[in-house]
Amino acid sequence: MSRVADSSAFNGDFATAVNHLLNFPETIDKFMFPSRAHETNNENKGVASIPVDILDSPKEYIFFLDLPGFSKSDIQVTVEDENTLVIRSNGKRKREDGEEEGCKYLRLERRGPQKLLRKFRLPQNANVGAISAKCENGVLTVVVEKLPPPPKPKTVEVSIS
């Protein structure tokens with residue numbers, strides 16, 4: 001097969017192609033390929049992306065993010081544009097100072113936390129009014145409850161005389 005033919009497979013929507021190849025469920029596809037419009041502005045330059053695991057349970061979506069070196073007060077969890085979950089941090093950490101005067105670092109290998117930003121477009125069944133977050137042992141857990149499914153329409157048989 002020629003390179004031209006190979007590249008034609010990617011002329012369509014990349015998310016659809018990957019979704020088809022990996023057979024992702026529709027809800028995971030929404031998390032895996034969120035809108036990238038927010039990445040084009042200069043506000044996000046120098047911002048690290050946070051690795052995340054997303055669990056889709058029957059009653060809620062649960063996001064797990066490893067944030068070593070951050071305290072609860074360093075992390076902000078907000079909702080923008082009615083359905084975009086935003087997790088960010090300014091990325092500042094204090095270095096431990098020596099107890100005696102004249103102490104100085106001979107080596108600094110541990111990197112301080114960077115500025116972090118991650119956005120997720122939530123599905124329509126996400127209840128943005130019921131989001132909770134907790135940070136324990138360097139792991140941020142964000143729980144987004146699901147809205148109950150809409151009632152199924154009732155079918156009534158009508159006899160025509």
Side-chain angles (χ1 to χ4, degrees), residues 9-99 105 107-154:
F10 293 103
N11 287 341
D13 183 23
F14 182 71
T16 304
V18 172
N19 185 19
H20 178 70
L21 289 172
L22 300 177
N23 197 19
F24 282 137
E26 184 179 329
T27 55
I28 292 176
D29 179 51
K30 291 176 185 177
F31 290 123
M32 295 288 294
F33 302 101
S35 170
R36 305 247 183 218
H38 65 276
E39 295 178 2
T40 58
N41 62 20
N42 289 333
E43 170 190 332
N44 300 336
K45 281 193 174 182
V47 174
S49 180
I50 308 167
V52 64
D53 294 337
I54 303 171
L55 177 65
D56 181 2
S57 75
K59 295 184 179 186
E60 58 201 8
Y61 299 103
I62 305 172
F63 297 75
F64 299 99
L65 300 97
D66 291 335
L67 300 174
F70 286 98
S71 67
K72 295 176 187 180
S73 61
D74 294 332
I75 303 164
Q76 295 175 346
V77 179
T78 59
V79 175
E80 295 176 355
D81 302 326
E82 297 182 15
N83 72 338
T84 303
L85 177 68
V86 180
I87 300 167
R88 72 179 76 205
S89 176
N90 63 6
K92 294 181 180 175
R93 177 175 75 181
K94 292 181 181 177
R95 292 273 182 199
E96 294 81 14
D97 294 328
E99 293 182 16
Y105 281 100
R107 182 180 300 232
L108 291 173
E109 292 183 353
R110 297 183 306 146
R111 297 185 78 202
Q114 299 175 342
K115 253 184 162 174
L116 300 173
L117 176 67
R118 194 70 192 261
K119 295 185 178 186
F120 303 93
R121 186 180 60 217
L122 297 171
Q124 287 183 336
N125 69 339
N127 184 356
V128 295
I131 296 177
S132 63
K134 67 178 180 177
C135 187
E136 292 180 354
N137 300 323
V139 178
L140 176 65
T141 304
V142 179
V143 178
V144 181
E145 290 183 17
K146 290 182 180 180
L147 294 170
K152 294 182 181 181
K154 186 177 179 182

Novice: Begin from the C-alpha positions of Val143 and Ile131 and carry the test side chain to side chain contact (heavy atoms under 4.5 Å, CB included) through to its verdict.
Specialist: CA-CA 6 Å; Val143 178; Ile131 296 177; over 6 Å; no
Novice: Mind checking the CD1-CG spacing from Ile87 to Leu140? Nearest 0.5 Å is all I need.
Specialist: 5.5 Å
Novice: Would you mind reporting whether Val144 and Phe63 have side-chain heavy atoms less than 4.5 Å apart?
Specialist: yes
Novice: State which residue, out of Leu116, Val142, Leu67, Leu65, fulfils the side-chain contact (heavy atoms from CB on, under 4.5 Å) condition with Ile75.
Specialist: Leu67
Novice: Any salt bridge linking Glu80 with Lys119? Criterion: basic side-chain nitrogen under 4.0 Å from a carboxylate oxygen.
Specialist: yes
Novice: Is Asp81 reaching over with its side chain to a backbone N or O of Asn83, donor-acceptor style, under 3.5 angstrom?
Specialist: no
Novice: How far does CD of Glu136 sit from NZ of Lys72, to the nearest 0.5 angstrom?
Specialist: 6.5 Å
Novice: Are Ile54 and Phe120 side-chain neighbours, meaning at least one heavy-atom pair lies under 4.5 Å?
Specialist: yes
Novice: Looking at every non-hydrogen atom in both residues, tell me the closest pair between Val128 and Glu82 and how far apart they are.
Specialist: CG1-O, 3.5 Å
Novice: Could you give me the CA-CA distance, side-chain angles and deciding distance for Asp56 and Lys146, then say whether salt bridge (charged side-chain N to carboxylate O under 4.0 Å, His left out) is met?
Specialist: CA-CA 10 Å; Asp56 181 2; Lys146 290 182 180 180; 2.4 Å; yes
Novice: Begin with the C-alpha distance, continue with both residues' side-chain angles, and end with the deciding distance and a verdict on side chain to side chain contact (heavy atoms under 4.5 Å, CB included) for Arg118 and Val86.
Specialist: CA-CA 6 Å; Arg118 194 70 192 261; Val86 180; over 6 Å; no
Novice: Report yes or no: do Asn127 and Tyr61 form a side-chain donor-acceptor pair below 3.5 Å?
Specialist: no
Novice: Between Ser89 (side chain) and Asp74 (backbone), is there a donor-acceptor pair under 3.5 Å?
Specialist: yes
Novice: Could you go through Phe64 and Leu55, starting from their C-alpha distance and side-chain angles, then the distance that decides it, and tell me whether this counts as side chain to side chain contact (heavy atoms under 4.5 Å, CB included)?
Specialist: CA-CA 8 Å; Phe64 299 99; Leu55 177 65; 4.2 Å; yes
